[in-house]
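Data first, discussion second: the structure below is written as structure tokens.
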There are 2 protein chains.
Amino acid sequence: MSPRVPETPEDAAFLAAYSPAAFPRPSVAVDVALVTVHGGRLRVLLLARSEAPQRGRWALPGGFVRLDEDLDAAARRVLSTKAGVEGVYLEQLYTFGSPDRDPRTRVISVTYYALVDHARFARLSATSAHLVATLDVPWEGEEGGPVSARDEHGDELALAFDHADILGHVVKRLRGKLDYAALGFQLLPPRFTLRALQTVHEVVLGRPLNKDSFRRRMLASGRIEPTGEQEQDVLHRPAELFRIARKSAV
Amino acid sequence: MSPRVPETPEDAAFLAAYSPAAFPRPSVAVDVALVTVHGGRLRVLLLARSEAPQRGRWALPGGFVRLDEDLDAAARRVLSTKAGVEGVYLEQLYTFGSPDRDPRTRVISVTYYALVDHARFARLSATSAHLVATLDVPWEGEEGGPVSARDEHGDELALAFDHADILGHVVKRLRGKLDYAALGFQLLPPRFTLRALQTVHEVVLGRPLNKDSFRRRMLASGRIEPTGEQEQDVLHRPAELFRIARKSAV
DNA sequence: AAAATAGTGTCTATGAGACACTATAGT
DNA sequence: ACTATAGTGTCTCATAGACACTATTTT
């Protein structure tokens, strides 16, 4: 990004006299959808709200942005403190600011999505305040719209605020970017088979893909490279393990 | 979007006791890039800052979001009051929130881009505080990065704050969405020739396109339809005029 | 040997690019 | 008639999908 523009003497004088309390201000929060793929379904981490408003409803991990904190940093702080994950793929999604989206006061939410291998969720599942919900997408392609979240019994969960809309945007963005960005691998462990990668793509896109064409596209993309190793403990011929290419080929 | 979630009695009690001044809050602004294509170049409306900080530098039209105002509404208000345009294509782009991006105080900017036919700029050009700058994109494809703005003599303009970054994001988004969204027409008058549409695409993408393939793709897309009319006052065979399709074909 | 999935070779359908040609306006 | 651009028909090439086949592991 651009360096901070140097202040002029006039700016310095202006700033000395400036009072930041002159205008009413909204609250600004970040909300993060921590997404993975497991068991042929899209999954997202939800937290039960322990305080009013909307106590008991399920919400994305979120928090208010601190005054001296970058937006991305706020999202990573939320991921670290509320979901216990660090160093994951993270991208800004959209900013939601309808005046009545939060009953407390005006809260503008800068939303993010983060992608992880399902194994990262394992340590969380013990807590009752956490839930790894299944996403149910009621539309095809990149049509968009709210999505619903279900628990392990298939019962629909009551989501807080506009979080069903936010999750709809997450799925739409994932479907749109999957084919021309390095997203799919982020949902898998460091070493993965082509079949596993194809399953991830199929779950995200919500439709089956052609095996031959998928293999060709992935190998030709230069985004992954073979490791020479093979998967272990499978009931059939083991597939070769791939990893993210160190340097993306041109 | 989702309807507002009904308040529970507990929520009502919580809200009666809630003090919105408990946490320090950043300022939230919208900045809008009003973009068109003219003379084979991308153009954007800039305003000279009349007040400190950074007085005299060129900035995107912007303003602070009011407490009861939706983000999109704030962007439309800025377009109306500072650029004199209404009813144009408008889309949220990205939210910039680096803590030091504005020297006054913490200002988080939700940025938008708007697309217009160049004729909409005609009435503005008289004012010295307005300037329709030419964008100079120093990268290819969707690589991204800041872009520079130049005046009619080709001299580079000093942009305020991080607006060179914002404009870079605008160009990147336009290039990414042009092929599978109804964007190109928004930069043209209501009736346009296929050649004019191709020129718009070429200017946005920064590279020449194949004429035959472009015609086929556009006609097959179902996004435009022929009017039966022809262009007037040209020195050669007149081309047919097209318009945006009333109902997008499946 | 049987079962199951990995991985390869080849044919076909589709769409983009290239190119040649015809059509129609103004001068 | 000449010039310039609009618009069409056809060939080629690249890529996705379909399908058949071979390969390699466990039981």
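No experiment lies behind these values; they were computed from the predicted model shown. Just so it is clear: chains get the letters A, B, ... in the order the sequence lines come, proteins before strands, and each one is counted from 1.
Under 3.5 Å, the side chain of B:Arg237 and the base of C:dA23 form at least one donor-acceptor pair of N or O atoms.
In this structure, CE of A:Met218 is placed 17 Å from C1' of C:dA6, rounded to the nearest angstrom. One atom, CD of B:Glu231, and another, P of D:dA4, lie 16 Å apart when rounded to the nearest Å. In this structure, NZ of B:Lys211 is placed 13 Å from C1' of D:dG9, rounded to the nearest angstrom.
Between A:Phe121 and A:His38, the distance from one ring center to the other does not fall under 6.0 angstrom.
For B:Arg215, whose side chain is taken as the heavy atoms from C-beta onward, the closest listed nucleotide among C:dG7, D:dT8, D:dG17 is D:dT8. Each of C:dG17, D:dT8, D:dA16 was ranked by its minimum atom distance to the side chain of B:Asn210; first place goes to C:dG17. Looking at the side chain of A:His236, the nearest of the listed nucleotides C:dG9, C:dA6, D:dA6 is C:dA6.
Aromatic ring pairs are classed by plane angle as parallel below 30°, tilted from 30° to 60° and perpendicular above 60°; the pair A:Phe192 and A:Phe185 is parallel.
Here the closest heavy-atom approach between residue B:Glu142 and residue B:Arg175 is recorded as OE2-O, 3.9 Å.
Nucleic acid contact class of B:Arg216 (heavy atoms, under 4.0 Å, all strands): base.
For B:Gln232, the CD atom counts as loosely surrounded, since its 6.0 Å shell holds 12 or fewer non-hydrogen atoms of other residues, nucleotides or ligands.
Each of A:Pro238 and B:Ala196 has a nearest nucleotide on DNA chain D; the 5'-most of these lies closest to B:Ala196. Position along DNA chain D of the nearest nucleotide to A:Arg217 versus A:Gln230 favours A:Arg217 as the more 5'-ward residue.
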